[in-house]
Amino acid sequence: MERTPELVTLEAAPRSAEGCVNAARPPAGKLVDAQGRNIHYLRVSLTDRCNFRCTYCSPAAHEPPDALLSRAELARLFRLFAALGVRRIRLTGGEPTLRKDVVEIVADAAATPGIEDVAITTNGHRLAELVEPLQAAGLGALNVSLDTLAPERLRGVSGQAARLDRILAGIDAAAGRFRSLKINTVVMPGVNEDEVAALVRYAWDRGALPRFIEQMPFGGGVPVPLSEVRRRLTEAGFTLAPDVFRGWGPARHMRGRDRDGREGLVGFIGAMTENFCEDCNRARIAADGGFQACLGGEDRVQLRDRMRAGDRDEALAEAVAGALGRKAPRHRMEEAGAGLVLLAMRGIGG
Ligand code: SAM
Ligand code: SF4
């Protein structure tokens, strides 16, 4: 019997650009979706649980621990997807660092033949203590969510468990250690729009890439269009010019410079007003093992149940190919208010 994943219990949790290269690459399979897009990038949610309660991230119905993929099941899926052509794995959640075995899972992913890059997205709460073991396990890239530099605002957005000092200490500990360090900010009207310039400077000063994300309709609130973020940066004295840099994800980048001569890239993820589906290269596995070809879609293939029922890898691969074969040209999140049922962000993992 495989052990079910254990989650770290956090006392302060009230309810309220780019590696690891493995020499031995397997012959690359090919995952291609219905629109002919190659899928190289797999996002895996390690848990739907979170110690934060961000207003834009809808509360998930928590899966019981044995519903989550075990470490062994995750490792099997990493191997399967790598053999099918996936080259990059991002671990997310929920809060992935709530899994007690997060470091081991990173090590498994990094050791999977064919996987060139392992990344993690975290709210930063446990980052300071995890930076060293994650680096030793082979983590290549780290995204930390940071919506504000004001402690009270942060609690207003993410709940009472969110402690700015812990997140900032984690970012400081991580700075300079990974191939890529990104700071992700969801821009919310009347909440943190006035901090975009400060967040860019904060990130640049730590060698990190600041990225602004348009809010998607998973929780409460409305998006601030990225055009407004760019307007505010310009107003604050930044010059911005389009840049060709492309990471693995949907972000578009601009090269910025502030009045003091600081320079760097700024990423913009315009999920709502600047649709990025055309060059989608990714697929997702939710915390409960549901394979989802599109973040904004409803079509899911239950890989956990198939594995537990004894399906062989060939059958799993066939099910995955079937889901990709049904993948729509673009997400329909704009219609979410009109009744499209979107799965909770925490379960899918952003
Ligand atoms: N808990 C981790 C964190 O917050 O970084 C990882 C999971 S979180 C779901 C992954 C990313 O999705 C975060 O950067 C978060 O800001 C973003 N996110 C959550 N809800 C969102 C929404 N409604 N629209 C846009 N981005 C969202
Ligand atoms: Fe938790 Fe991340 Fe969702 Fe915030 S965005 S509630 S930190 S999973």
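Every number for a ligand or one of its atoms is a count from 1 in the order of the listing. Basis for what follows: all heavy atoms, side chains included, without hydrogens, waters or symmetry-related copies.
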Below 4.0 angstrom from a heavy atom of [X], which ligand 1 atoms are there? Numbered from 1 as shown, please.
X: Ile213; result: 25 (C), 26 (N)
X: Gly93; result: 7 (C), 9 (C)
X: Glu214; result: 25 (C)

*Tell me yes or no: between the side chains of Asn184 and Asp147, is some donor less than 3.5 Å from an acceptor?*
no
_Is it true that Arg90 and Thr121 share a donor-acceptor pair across their side chains at a distance under 3.5 Å?_
yes
Judging by distance only, is a nitrogen or oxygen of [X] under 3.5 angstrom from one on ligand 1?
X: Gln215; result: no
X: Arg43; result: no
X: Thr92; result: no
X: Met216; result: yes
X: Asp147; result: no
X: Gly94; result: yes

*Between Glu95, His125, Met188, flag the one that comes closest to atom 2 (C) of ligand 1 by a heavy atom.*
Glu95
*Have a look at Ser145, Cys57, Ser158 and point out the one with the heavy atom closest to atom 14 (O) of ligand 1.*
Ser145
*asked:* When you measure from the heavy atoms of Ser158 to every atom of ligand 2, does any distance fall below 4.0 Å?
replied: no
Could you list the atoms of ligand 2 found under 4.0 angstrom from a heavy atom of [X]?
X: Asn123; answer: 7 (S)
X: Gly94; answer: 8 (S)
X: Cys50; answer: 1 (Fe), 6 (S), 7 (S), 8 (S)

*ligand 1 versus Asn184, non-hydrogen atoms closer than 4.0 Å: side chain, backbone, both, neither?*
side chain
*What part of Thr122 sits under 4.0 Å from ligand 1 if we count only heavy atoms: the side chain, the backbone, both or neither?*
backbone
*asked:* According to side chain to side chain donor-acceptor pair (under 3.5 Å), does anything in residues 232-243 pair up with another residue at least two apart or in another chain? List the pairs.
replied: Glu228-Arg232, Arg231-Glu235, Asp243-Arg255
*How about Phe81 and Phe291: are their ring centres within less than 6.0 Å of each other?*
yes
*Looking at Phe268 versus His253, is the centre-to-centre ring distance below 6.0 Å?*
no
_I need the minimum non-hydrogen distance between Leu316 and Arg76, along with the two atoms involved._
CD1-NH2, 3.4 Å
*Okay, side chain of Glu95, backbone of Leu98: is any donor-acceptor separation there less than 3.5 Å?*
no
*Matching residue for Leu91 among Val106, Thr122, Leu134, Leu74 - test: side chain to side chain contact (heavy atoms under 4.5 Å, CB included)*: Val106
*asked:* Quick check for you: to the nearest 0.5 Å, what is the distance between Ser180 atom OG and Leu142 atom CG?
replied: 8.0 Å
*Walk me through it: do Thr92 and Val44 pass the test side-chain contact (heavy atoms from CB on, under 4.5 Å)?*
CA-CA 6 Å; Thr92 176; Val44 183; over 6 Å; no
*Who passes ring pair (Phe, Tyr, Trp, His ring centres under 6.0 Å) against Phe238, sequence neighbours left out?*
Trp204
*Looking at atom 4 (Fe) of ligand 2, is one of the N, O or S atoms of Cys54 less than 2.8 Å from it?*
yes
